[in-house]
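Naming: A, B, ... by sequence-line order, numbering from 1 per chain. No experiment lies behind these values; they were computed from the predicted model shown.
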Amino acid sequence: MSMLAVRDLAVARGGMRVAEGISFTLDPGKALILRGPNGIGKTTLLRTIAGLQPPAAGQIETTPDSLAYAAHADGLKSALSVAENLRFWASIFGAQGIDAALSALDLTGLADRPAGTLSAGQKRRLGLARLLVTGRLVWLLDEPTVSLDADAVALFGQVIRAHLRTGGAALIASHIDLGLPEAEMLDLTPHRAAPRGANAVPAGFNEAFG
Amino acid sequence: MSMLAVRDLAVARGGMRVAEGISFTLDPGKALILRGPNGIGKTTLLRTIAGLQPPAAGQIETTPDSLAYAAHADGLKSALSVAENLRFWASIFGAQGIDAALSALDLTGLADRPAGTLSAGQKRRLGLARLLVTGRLVWLLDEPTVSLDADAVALFGQVIRAHLRTGGAALIASHIDLGLPEAEMLDLTPHRAAPRGANAVPAGFNEAFG
Amino acid sequence: MIELGKYAGTVLLAYGVSLALLIALIWHSVARNARARDELEAQEGRRDAR
Amino acid sequence: MSIWEYANPVRFMRSTAKLLPWVVAAAAICVTAGLVWGVLTPPDYRQGSTVKIMFLHVPAALMAINGWLMMLVASLIWLIRRHHVSALAAKAAAPIGAVMTVIALVTGAIWGQPMWGTWWEWDPRLTSFLILFLFYLGYIALWSAIEDPDSAADLTGVLCLVGSVFALLSRYAVNFWNQGLHQGASLSVAPGERMSEVYRYPLYLCMLGFFLLFLALLLIRTRTEIRLRRTAALRAREARR
Amino acid sequence: MRALLIRDLRLATRAGGGFGLGLAFFLILCTLVPFGVGPDAAMLSPIAPGILWVGALLSCLLSLDRIFALDHEDGSLDLLATAPIPLEAVVAVKAAAHWLTTGLPLTLAAPIFALLLHLPGAATGDLVLSLLIGTPALSLLGAFGAALTVGLRRGGLLLSLLVLPLYVPTLIFGAEIVRRGAIGADAASPLALLAGITLLSAALIPFAAAAALRINLR
Amino acid sequence: MRALLIRDLRLATRAGGGFGLGLAFFLILCTLVPFGVGPDAAMLSPIAPGILWVGALLSCLLSLDRIFALDHEDGSLDLLATAPIPLEAVVAVKAAAHWLTTGLPLTLAAPIFALLLHLPGAATGDLVLSLLIGTPALSLLGAFGAALTVGLRRGGLLLSLLVLPLYVPTLIFGAEIVRRGAIGADAASPLALLAGITLLSAALIPFAAAAALRINLR
Ligand code: HEM
Ligand SMILES: Nc1ncnc2c1ncn2[C@@H]1O[C@H](COP(=O)(O)OP(=O)(O)OP(=O)(O)O)[C@@H](O)[C@H]1O
Ligand SMILES: Nc1ncnc2c1ncn2[C@@H]1O[C@H](COP(=O)(O)OP(=O)(O)OP(=O)(O)O)[C@@H](O)[C@H]1O
Ligand SMILES: [Mg+2]
Ligand SMILES: [Mg+2]
């Protein structure tokens with residue numbers, strides 16, 4: 001059975017549909033990469049699937065509590081140390097140790113540094129380590145490799161592969177090549193809602209008045 | 001005589017020197033493009049030259065009141081219209097009309113729209129139109145073509161060329177090709193302060209204690 | 001013995017509170033100083049180790 | 001050698017390391033001796049044994065004001081001559097001054113209970129001490145809110161200057177607002193009112209002791225700040241790698 | 001849940017967390033009022049209950065934006081909303097953390113501030129008791145206001161306007177308890193009413209605030 | 001300079017600018033106090049001068065972060081700092097704009113609020129006069145505080161802590177004028193002192209605030 005199935009989904013942002021007619025399924029051990037130009041609605045789609053906003057149309061089917069979402073922002077507290085930040089999310093998700101996650105993303109040496117003093121790439125690695133302590137099977141990742149250098153991108157590839165091997169799945173929005181040749185691609189460009197101009201479909205409040 | 005001369009400049013950010021040993025001169029009619037990877041200190045260099053922060057070492061020579069700085073942020077007020085925004089900066093810099101600037105960046109049709117309703121690229125064009133009403137000769141531009149589409153980049157090239165023809169000069173930080181083959185390049189990569197490691201030079205408060 | 005009379009409570013309270021505040025301040029200063037010294041030594045040790 | 005040489009952190013650390021034990025010892029001796037002498041003084045014919053509070057109250061009040069003055073001077077030195085140690089000294093002085101202010105306020109309040117029959121009175125002297133405490137709080141809060149140490153030193157310096165002007169104005173305003181109960185500066189008042197010698201000498205000793213205590217704490221805390229800065233500088237370098 | 005509470009408390013007490021600023025603001029307010037009203041104890045004493053309660057309310061108010069705004073800015077709120085604990089519990093825990101770092105210290109320090117305003121000594125117990133019972137309601141109602149305004153750029157003044165009217169009943173009963181205490185009257189009925197308000201807020205507000213948060217997040 | 005003043009006034013009065021929120025806050029405060037203190041006119045009347053002045057001061061305080069924070073966020077402040085007008089003038093103009101949108105409306109509306117608090121009618125003129133002379137100092141000192149905290153994430157409560165002690169002399173003289181007016185005494189000397197404070201602030205603060213801004217911009 002697939003872990004996530006999306007059928008004829010339309011997503012809306014700022015009162016307007018941005019993308020529509022999106023359908024795909026995600027099976028265990030598979031990764032799907034979302035592509036498309038800026039503003040096409042990748043972030044919006046991920047947020048909709050994560051349950052942060054309602055879909056404008058269509059269905060999302062998934063097992064409850066199986067999704068882990070990693071956004072553009074990492075949700076780090078700069079006053080807390082790396083270990084404290086990670087331990088917090090671990091106890092929220094009921095996981096036990098954080099050592100495996102720290103070492104998987106090469107953060108062990110930084111465990112006691114306040115998160116505010118990390119460089120952008122290190123922060124991002126900490127944000128990804130959070131995924132490992134959620135224990136969730138389906139990862140929704142929004143541009144996970146932003147500000148990572150080449151070595152860190154390779155590390156990230158390993159982490160993803162390990163996750164897929166253990167029966168996980170991942171939906172990744174990205175502009176760059178992630179070094180995951182086995183992953184499928186989904187280009188959102190053809191799904192742009194009602195191609196510009198006067199017949200754009202309003203959503204939400206505007207729908208009633210449009 | 002050159003309009004801007006920088007000699008052996010070192011710039012600092014967050015208590016550490018980021019780039020040093022920078023020297024160049026900028027003559028009328030010339031453009032100089034700054035290059036270098038993220039975090040090398042391009043923005044810091046431009047802010048230092050604009051006088052917003054003191055140099056860590058070295059000299060900057062320039063005629064007073066000859067510089068116009070355009071930052072990452074455009075300084076637009078979303079509640080004011082395009083024309084009101086531009087007229088404000090025009091009167092701050094003592095310029096008269098704004099029509100030439102509006103038409104140069106193809107904003108005439110948008111003059112009465114509140115700036116908050118503009119798209120990112122239109123906002124950026126308005127930010128560039130501000131340069132024209134300053135009447136300043138040396139432009140310091142920080143990634144001026146961010147979020148501009150191809151047509152707008154070409155328009156920007158025309159504006160720069162016109163500025164150079166009338167005796168102006170420009171210092172431009174950019175990651176992408178601006179279509180200005182006549183411009184010189186300055187790569188900051190070799191100027192990275194004390195190439196990594198234990199002998200990085202602290203600046204400011206840290207200098208005395210490091 | 002020291003003669004405090006009917007104001008014994010007042011005087012003792014004043015001395016007690018003041019000395020407690022002073023001792024807290026001294027303790028805080030000294031402890032923070034010790035912590036800063038240890039951290040600096042650890043940091044310098046790490047640098048010299050390289 | 002110019003006196004400014006001591007503003008170099010390394011030299012400051014080296015010379016204060018030698019000086020500090022002596023200051024600490026002198027402070028300990030003077031405070032202990034002064035307070036013991038003070039406690040052993042006979043009760044006053046009017047105030048009874050509560051005069052003994054004076055040996056804490058007056059020196060603390062004195063150092064509360066002088067602490068602010070010291071911060072003002074150190075801030076000026078930093079703003080004009082850019083000596084980093086003086087910026088850190090100003091930072092280090094603030095909590096000491098604040099605690100001294102609290103001691104003056106608390107001992108005053110405890111003293112006021114038997115003397116005036118109330119814990120607190122909006123007397124100008126007391127009120128202006130309360131305001132001084134607020135200024136200390138604001139100064140400390142601003143230091144701890146700003147991350148960049150250079151900006152923090154500059155901004156707190158500017159705050160200290162402006163704050164001093166307005167603290168002075170507040171003093172006059174408060175005097176205008178309410179004429180008070182508190183006694184004047186009795187060490188200097190008219191001969192008839194002069195404080196009895198029995199109290200005067202132990203009081204002098206306590207004042208000296210509190211001054212030395214202030215100095216010792218100031219040195220310790222300044223050294224702490226220098227060490228913290230140096231650690232931060234080394235960390236920043238390490239992060240660069 | 002416990003982890004969230006501990007994290008919030010830790011953040012509030014670390015540098016830059018703003019713990020203590022609420023107390024300082026309360027102190028300043030209690031200092032300023034006599035400057036306005038005059039130094040006379042006979043004048044200050046009868047208005048002390050009201051001023052103390054209004055002061056507690058205002059210093060609570062000014063720290064409200066800490067409840068959600070920071071978590072929203074750095075993205076934690078998005079992540080918390082997709083975490084396995086219900087958003088209602090998040091609201092309740094965050095309101096509790098706010099109370100522990102604002103309302104509780106205020107309650108404990110109130111007797112000192114009461115001295116400054118010459119509150120009759122007999123009323124000190126009532127002051128502490130009323131604050132202890134009433135300030136949780138302030139934190140809860142404030143969390144609701146903070147949830148409503150979480151996405152806005154400058155929510156501060158708007159937040160005050162939304163929340164202050166909600167605070168009126170709490171203020172009325174709280175100050176009444178202290179005033180009755182000062183004249184030695186029986187304060188049982190306002191006490192019961194105040195406790196009722198707090199319980200009602202505790203029962204209702206988490207749901208309302210969680211709904212507001214869900215809307216602001218999408 | 002005139003252009004800057006006009007822009008700031010226009011921004012304050014456009015939607016979302018927050019003009020009027022200060023007045024609303026003042027109104028709420030003036031209604032809350034009787035809830036706290038009790039509705040008795042004999043009780044309210046003597047404290048009215050103080051409450052009105054403290055209220056004016058607080059509602060001024062809450063709009064202070066408007067002075068520089070928004071301009072800092074959207075980058076205008078960087079551009080203004082490199083513009084041909086001195087930063088001192090920018091500070092002065094922005095403080096003036098703040099006064100025109102906060103202090104002046106407050107002054108004009110004060111007689112109405114005075115009625116709510118039963119201020120003796122004879123003192124209304126003094127109230128307006130004292131606010132007219134005193135509120136410019138509040139805006140100037142506030143601009144200084146705003147300049148000090150402009151780069152900070154959550155400057156709000158810290159700003160209050162920094163600015164309120166600076167407000168003490170203004171408050172004392174301002175409230176004293178009204179109190180003297182209420183009992184029919186001569187208020188010339190506090191008036192002169194209040195005017196002196198305003199002039200002193202006008203002379204000093206632009207330089208201090210501009211220095212603070214320069215530090216925060218770098
Ligand atoms: C609660 C707050 C109080 C504060 C902040 C305060 C402040 C001060 C200050 C600043 C001084 C030093 C004056 C000088 O040497 O120029 C002083 C001295 C003194 N105070 Fe207080 N005072 C307080 C309460 C009281 C009370 C309640 C009494 C007793 C009735 C009292 C009695 C004295 C005496 C006897 C001196 C020493 C004489 C002198 O040097 O002026 N004070 N106080
Ligand atoms: N708050 C908002 N109000 C109105 N429109 C918005 C808002 N946020 C985003 N949009 C619009 O919604 C569309 C989709 O945005 P979204 O962030 O999903 O794009 P994206 O594909 O993730 O782009 P990117 O590659 O830049 O991350 C864009 O056209 C954007 O302009
Ligand atoms: N507030 C800050 N505190 C500490 N370090 C900072 C701060 N801001 C920037 N830096 C560091 O200063 C360095 C220079 O930053 P700068 O913004 O000048 O880079 P840049 O060349 O403009 O990069 P980009 O191409 O991303 O714009 C970077 O290494 C950055 O991490
Ligand atoms: Mg996106
Ligand atoms: Mg840059």
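Using a 4.5 Å heavy-atom cutoff, the side chains of Ile67(F) and Leu64(F) are in contact. Side chains of Leu141(B) and Phe156(B) form a contact here, defined as non-hydrogen atoms less than 4.5 Å apart. Contact check for Ile172(B) versus Ile160(B): side-chain heavy atoms found under the 4.5 Å cut-off.
A salt bridge links Asp74(F) with Lys77(B): the distance from a Lys NZ or Arg NE/NH1/NH2 to an Asp or Glu carboxylate oxygen falls below 4.0 Å. Salt-bridge formation is not detected for the pair Lys30(B)/Glu184(B): no Lys NZ or Arg NE/NH1/NH2 atom is positioned less than 4.0 Å from an Asp or Glu carboxylate oxygen.
The side-chain hydrogen bond (donor to acceptor under 3.5 Å, both in side chains) test with Asp74(B) is passed by exactly one of Arg124(B), Arg125(B), Lys123(B), Arg130(B): Arg124(B).
For Thr107(F) (side chain) and Val128(F) (main-chain N/O), no donor-acceptor pair under 3.5 Å exists by modelled atom type.
Among Leu77(F), Thr82(F), Leu79(F), Leu80(F), the residue with the largest count of heavy-atom pairs under 4.5 Å with chain B is Leu79(F). Between chain B and the residues Ile85(F), Leu217(F), Asp78(F), Ile6(F), the largest count of heavy-atom pairs under 4.5 Å involves Asp78(F).
Arg87(B) does not touch chain F: none of its heavy atoms, backbone or side chain, sits under 4.5 Å away.
Residues of residues 131-139 of chain B that come within less than 4.5 angstrom of chain F, heavy atom to heavy atom, are Arg136(B) in numerical order.
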